Amino acid sequence: MNQLSDNNSIETSEEKEFFERLTKQQQVEKMAAIARTSKTQSAEGVCTALYEAGVCFPEM
């Protein structure tokens, strides 16, 4: 397999952990920006803003 297309062969475990944290932080920042647009500070208001922006949980 081409080494450039196989992320496991070119990433160290530290790099993988870094990118996972970065991705998580980016997602949290996006959600926080959406939450700030809520007209209320209630949990329901914030969750409604997130839901309307397309944030949802996977079906269980």
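Because the structure is a prediction, the values reported are computed rather than measured. Heavy-atom basis, side chains included; hydrogens, waters and symmetry copies ignored.
Nearest heavy-atom pair across Gly45 and Ser42 is N-OG, 3.0 Å. Summarising the geometry of Ala49 relative to Thr37, their closest heavy-atom pair is CB-OG1, 4.2 Å, with the distance given to 0.1 Å. Across all non-hydrogen atoms, the minimal contact from Ile34 to Ala53 is CD1-CB, 3.5 Å. When all heavy atoms are compared, the tightest approach of Leu50 to Met31 is CD2-O, 3.5 Å.
For Ser13, there are no side-chain contact (heavy atoms from CB on, under 4.5 Å) partners two or more places apart in sequence or in a different chain.
Tyr51 belongs to no hydrophobic cluster with other residues, because no ILVMFWY side-chain heavy atom falls under 4.5 Å from its own, directly or through intermediates.
Side chain of Ser38 to main chain of Ala35: no donor-acceptor pair is present (N/O by atom type, distance under 3.5 Å, no hydrogens or angles).
Applying the side chain to side chain donor-acceptor pair (under 3.5 Å) test to residues at least two apart or on different chains, the pairs with a partner in residues 21-32 are Glu17-Arg21, Gln25-Glu29.
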